[in-house]
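Below is one structure; the comments refer to it alone.
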Amino acid sequence: MSRGFFITGTDTGVGKTVIAGLIIRALSILGFKTAGMKPVETGCIRQKDVLIPSDGTFLKNVSHMDEGINHIVPYCLEAPLAPMTASEMEGIDISPEKIKGAFDELKRRYDAVVVEGIGGLLVPLKKDYFVLDMIKDMGLPLIVVTRPSLGTINHTLLTVRYAKMEGIEIAGIIINYSSPSQGTQAEETSPHVISVLSPVPVIGIIPHLSDLGKETLEKIATKSLLFDIIRKYL
């Protein structure tokens with residue numbers, strides 16, 4: 001198994017990028033030279049003739065990587081759609097081999113690689129290649145990021161069950177407040193229900209973070225169970 005973690009979500013917008021940054025900083029505190037990677041990013045902002053991947057740029061900065069952004073984000077697409085749809089619209093063929101090659105290169109240069117996925121497990125990169133397949137190709141333990149609000153129990157348990165059925169090792173679940181708490185009963189009760197029903201542990205409940213600086217991420221990392229999980233898998 002490769003050293004690092006693959007970060008998937010139960011849906012889009014659950015805060016995978018923030019959690020990837022959090023895990024990168026936790027690894028760095030423990031002494032691992034760590035790379036971030038976002039194999040495909042859609043919804044990139046065009047500046048003149050260049051597409052700027054905001055998630056990939058964040059991962060590059062939080063990892064203090066010297067590599068160019070194209071090593072971190074092999075595919076930048078402008079349309080804010082699923083990779084298969086965006087790439088077809090933009091006339092770009094997504095090559096799983098190119099993604100795996102970029103990952104392998106980072107794996108050679110760094111102690112660990114934290115890969116942020118695109119949406120959930122069954123988001124298609126190509127007609128016959130899904131995020132799930134990419135996770136298998138990379139051989140990283142999976143961390144599932146979910147939200148605390150209504151509907152999360154079903155989404156989380158479905159994701160965990162399907163990943164396990166496909167033979168993917170799951171390190172755990174992180175419940176992330178990607179937006180400020182609404183103080184609902186669902187937010188109060190869902191984390192406990194997930195911890196009771198899930199066959200894998202809840203390794204952190206992360207509050208909404210308006211400041212994503214290095215110091216804040218490291219402070220949050222030290223208050224979670226991330227260090228225990230990292231030591232178990234690395």
Side-chain angles (χ1 to χ4, degrees), residues 5-27 29 36 38 41-43 54-55 58-59 62 80 82 114-123 131-132 135 140-165 168-230 232-233:
F5 297 94
F6 193 104
I7 315 302
T8 196
T10 53
D11 200 351
T12 189
V14 296
K16 294 186 304 299
T17 307
V18 172
I19 299 306
L22 185 67
I23 293 169
I24 287 168
R25 293 316 312 157
L27 283 158
I29 291 172
K38 175 92 173 183
E41 184 166 340
T42 63
S54 60
D55 292 350
F58 173 77
L59 296 178
V62 80
V114 175
V115 181
E116 180 194 345
I118 309 94
L121 295 179
L122 290 183
V123 168
V131 169
L132 179 80
I135 297 169
L140 292 169
L142 186 67
I143 291 178
V144 176
V145 181
T146 188
R147 53 191 173 83
S149 51
L150 189 64
T152 191
I153 296 170
N154 178 64
H155 294 163
T156 305
L157 297 181
L158 278 174
T159 298
V160 168
R161 178 171 293 191
Y162 191 70
K164 287 182 69 67
M165 285 173 58
I168 293 172
E169 184 165 9
I170 307 172
I173 298 164
I174 292 180
I175 299 171
N176 181 56
Y177 281 79
S178 57
S179 58
S181 171
Q182 301 299 306
T184 65
Q185 287 184 314
E187 288 179 341
E188 294 175 2
T189 58
S190 293
H192 174 70
V193 175
I194 290 171
S195 68
V196 169
L197 298 179
S198 171
V200 300
V202 173
I203 58 177
I205 300 175
I206 308 302
H208 176 65
L209 301 177
S210 55
D211 172 18
L212 298 179
K214 172 183 172 182
E215 294 78 11
T216 300
L217 293 175
E218 291 184 352
K219 182 179 179 180
I220 295 295
T222 59
K223 293 181 178 181
S224 69
L225 297 176
L226 287 178
F227 289 169
D228 293 340
I229 293 298
I230 289 169
K232 176 179 178 180
Y233 283 92

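Not a single salt bridge (Lys or Arg N to Asp or Glu O under 4.0 Å) links E188 to another residue, sequence neighbours left out.
There is no side-chain donor-acceptor pair under 3.5 Å between T10 and T159.
Taking CD1 of I23 as the start and CD1 of I7 as the end, the distance is 3.5 Å to the nearest 0.5 Å. To the nearest 0.5 angstrom, Y233 atom OH is 12.0 Å from D228 atom CG. With values rounded to the nearest 0.5 angstrom, T146 atom OG1 is found 11.0 Å from K16 atom NZ. The distance from atom CD1 of I205 to atom CD1 of I175, rounded to the nearest 0.5 Å, is 4.5 Å. To the nearest 0.5 angstrom, T8 atom OG1 is 11.0 Å from I143 atom CD1. Within the model, atoms CD1 of I153 and OG1 of T189 stand 6.0 Å from one another, a figure rounded to the nearest 0.5 Å.
Counting heavy-atom neighbours within 6.0 Å of Q182 CD, excluding the residue itself, gives a total of 12 or less. In L122, the CG atom is crowded: over 12 heavy atoms of neighbouring residues, nucleotides or ligands sit closer than 6.0 Å.
A donor-acceptor pair under 3.5 Å is formed between the side chain of R25 and the backbone N or O of V62.
Contact annotation: the side chain of L226 approaches that of I174 to within less than 4.5 Å [non-hydrogen atoms, C-beta and beyond]. Contact check for F5 versus I229: side-chain heavy atoms found under the 4.5 Å cut-off. At a threshold of 4.5 Å between non-hydrogen side-chain atoms, the residues V160 and P199 count as touching.
Contact detail for I230 and A26: the closest heavy-atom pair is CD1-CB, 3.7 Å. Scanning all heavy atoms of the two residues, the minimum distance from S190 to T152 falls at CB-CG2, 3.6 Å.
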